[in-house]
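Here's the structure we're looking at; comments come further down.
Lettering follows sequence order; numbering is per chain, from 1.
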There are 2 protein chains.
Amino acid sequence: MKLNIKDIAKLSGCSVSTVSRVLNQHPYVSEEKKERILKVIAEHDYAPNSQARDLQSGESKTIGVIVPAISLIYFDQIINGILENAFEKGYMVTLLPSNYDKAKEKYYFTQLKNKRFDGIIVTSRVHEMAEIEKFTKYGTIVCCEDTGDYLVSGVYVDRLAAYNQVFAELKAQGKNKIALTLGRSQLISNSARLTFEAYQKNFGPLNPDYLVDNCYDGPGGIIAGDYFSQLKDVPEVVFTNNDETAVAIFQVFQRKGLTVQVIGQSNMYVSEAMGISTIDLQLSEIGRLAFDLVCTKEYQKICLKSEYIKR
Amino acid sequence: MKLNIKDIAKLSGCSVSTVSRVLNQHPYVSEEKKERILKVIAEHDYAPNSQARDLQSGESKTIGVIVPAISLIYFDQIINGILENAFEKGYMVTLLPSNYDKAKEKYYFTQLKNKRFDGIIVTSRVHEMAEIEKFTKYGTIVCCEDTGDYLVSGVYVDRLAAYNQVFAELKAQGKNKIALTLGRSQLISNSARLTFEAYQKNFGPLNPDYLVDNCYDGPGGIIAGDYFSQLKDVPEVVFTNNDETAVAIFQVFQRKGLTVQVIGQSNMYVSEAMGISTIDLQLSEIGRLAFDLVCTKEYQKICLKSEYIKR
DNA sequence: GTGAAAGCGCTAACAT
DNA sequence: ATGTTAGCGCTTTCAC
């Protein structure tokens, strides 16, 4: 037998508005009634229906987070940052797995229009930024990347600076056989584009043999490692797109007795354990700030500094 | 200017119920009106408000998943199983981080009563099962563990069988210096208890020097590895509670030139890459099935078989 | 085939 | 300080 606020009112002999007042801790309720109502509520184990509250307030205290796939540890850190912040502010976080499927992604933006979410954080995307800009009229959207000239909030790290620092140092050390791994190719991924830019600035055009695409994790790293080690001209350094990949490649080389420097990205625990250099991408801080923006509905672009951690 | 169903009715010159009918694809609407309404909807970029729908239907098509902390890869696999299944069935998944804080956990069960979720999946918990049983009157609850005699649905893997197999084989191989790592101590964690049970059955009482508690991940493994390798009597085998820990311990030993067999749990990619034996805990399948139960609101206990993967 | 109207459970403006 | 009532936007009988 599910009770509603009306029942509580009846049971405690007062009006719904009085009950609502004590529920929401509004002033102007006599101690006597207050206690009586509280007692009835406790006795009958009543809890206000949040769907009705949401409808009434027009908010849901819920935000959606678009992720390509949760299993990539990269996103875990961002999610953690979001989660911590959201909990403190009394928000709930709904995970929106896209698998980089455009239809799914669009569906989630539609749900924003439906008011299922107060806002959406995009950790990675397949839609064009111009399209996402259009969705902002349905609600707050914050992307975890540089949103350029588009009117979309963004929180990101200055990757280019770190990439340039890494490549410049390698060059100064006299290295010049530098291989790269990327996630999605430079055609669609912003970070891939920046990697290229920094590489070319320091070393000129890249030897296509020294590039492996679609490297997202450990298994991808194995493939890349096997490939690089079979080249006639084995690279001196492999600059990877994340720590999981870096570790896997490192192990392949180690097993084959090759001495190749591997550099990761994200500063995950695993790279620390293996003593692999990495770039701290401040993922959890990005999540934290992105939530701040989505929560306050502010339009803003925030750029954090990344740090090259040499090991 | 936010339109509602009433506006659409007015704009297309028919009643709200007719609009509602086409929205929900009910029959008995003339083709002519249907088209007209659809056109108006498209032109004005209208989308029905899901909060109102939820209130009306009494459902939210959302389930909550209690996790101690997302960063533990262990839970990623369960979450992935849940997410895939949920998406297929048109449900949303809200992450409920508990950090094993009892107050937080309780708060989430309260939200179930509030009807914010249609159900909750508990991946790990701090509440007693008896208490959780009481919460089931607020909605469906499914735990990812053996719920024993309590009237709470559970999906889990037969760990004891696998643990027994492992210890029996080690014994047959003549090993007897077996160390253990655990997550939460055997006082509160079910899997810790089972590990103990299987160990004792095969080897009798455990030498307390051969036990390390509170090992959740890589960092924990490092500590354990350092500890074990400093013992006068270094163990021959370390049976760990998860693959991340196993890998970390393995590396510590390797670095110190010690030959110690390490066994993990979860069958994560990392153990495969390192060639470490492990127990496949079927985590993603557990997530998948748990969602099935929560979705159909069935009360059921499902036990899966775990597999010892020797490498 | 279509429409009027009664809720779903709550909040808040308005009256007293 | 307390009660009455009009919505929030939608679905769903129940008439016609």
Base, sugar-phosphate, or nothing: which does Asp54(A) touch, judged by heavy atoms less than 4.0 Å apart? nothing
To the nearest angstrom, the CZ-P distance between Arg53(B) and dG9(C) comes to 19 Å
Strictly below 4.0 Å: does Asn4(B) bring a side-chain N or O up to OP1 or OP2 of dG9(D)? yes
Could you state the atom-to-atom distance from CD1 of Ile8(A) to P of dT11(C) in whole Å? 13 Å
Picking from dG1(C), dT5(D), dG9(C), the nucleotide nearest the side-chain atoms of Leu55(B) would be dG9(C)
Nearest whole Å is fine: how far is dC10(C) C1' from Arg116(B) CZ? 13 Å
d(NZ, Lys10(B); P, dT2(C)) in whole Å: 20 Å
Distance (rounded to the nearest 0.5 Å) between Leu112(A) CG and Leu96(A) CG: 10.0 Å
If the threshold is 4.0 Å, N to carboxylate O, is there a salt bridge linking Lys102(B) and Glu131(B)? yes
Measure from NZ or CZ of Lys89(A) to the centre of the six-membered ring of Phe291(A), then state whether that distance is under 6.0 Å and the direction lies within 45° of the axis. no
Rounded distance (nearest 0.5 Å) linking atom CD of Gln111(B) with atom OG1 of Thr62(B): 12.0 Å
Using only side-chain N and O atoms of His26(A), determine if any of them is under 4.0 Å from OP1 or OP2 of dA12(C). yes
Looking at Lys34(A), I'd like to know whether one of its side-chain N or O atoms comes within less than 4.0 Å of OP1 or OP2 on dT2(D). no
What is the distance, rounded to the nearest whole Å, between atom CD of Gln51(B) and atom P of dC10(C)? 15 Å
Check whether any side-chain N or O of Asn24(B) sits under 4.0 Å from OP1 or OP2 of dT11(D), and answer yes or no. yes
How many whole angstroms separate atom OH of Tyr28(B) from atom P of dT2(C)? 13 Å
Out of dG3(D), dG9(D), dT2(C), minimum distance to the side chain of Thr18(A) belongs to dG3(D)
Rounded to whole Å, how long is the line connecting atom CG of Asp7(B) with atom P of dC8(D)? 10 Å
Looking at the side chain of Gln56(A), which of dC10(D), dA1(D), dG7(D) is the nearest nucleotide? dG7(D)
Gln25(B) CD to dT11(D) P: how many Å, rounded? 12 Å
Contact nearer the 5' end of DNA chain D, comparing Ser17(B) with Arg21(A): Arg21(A)
Any side-chain N or O of Tyr46(B) less than 4.0 Å from the OP1 or OP2 oxygen of dC10(D)? yes
Nearest 0.5 Å please: distance from the CG atom of Leu55(A) over to the OG atom of Ser50(B). 10.5 Å
If you compare every side-chain N and O of Ser30(A) against the phosphate oxygens of dT2(D) (OP1, OP2), does one of them come in below 4.0 Å? yes
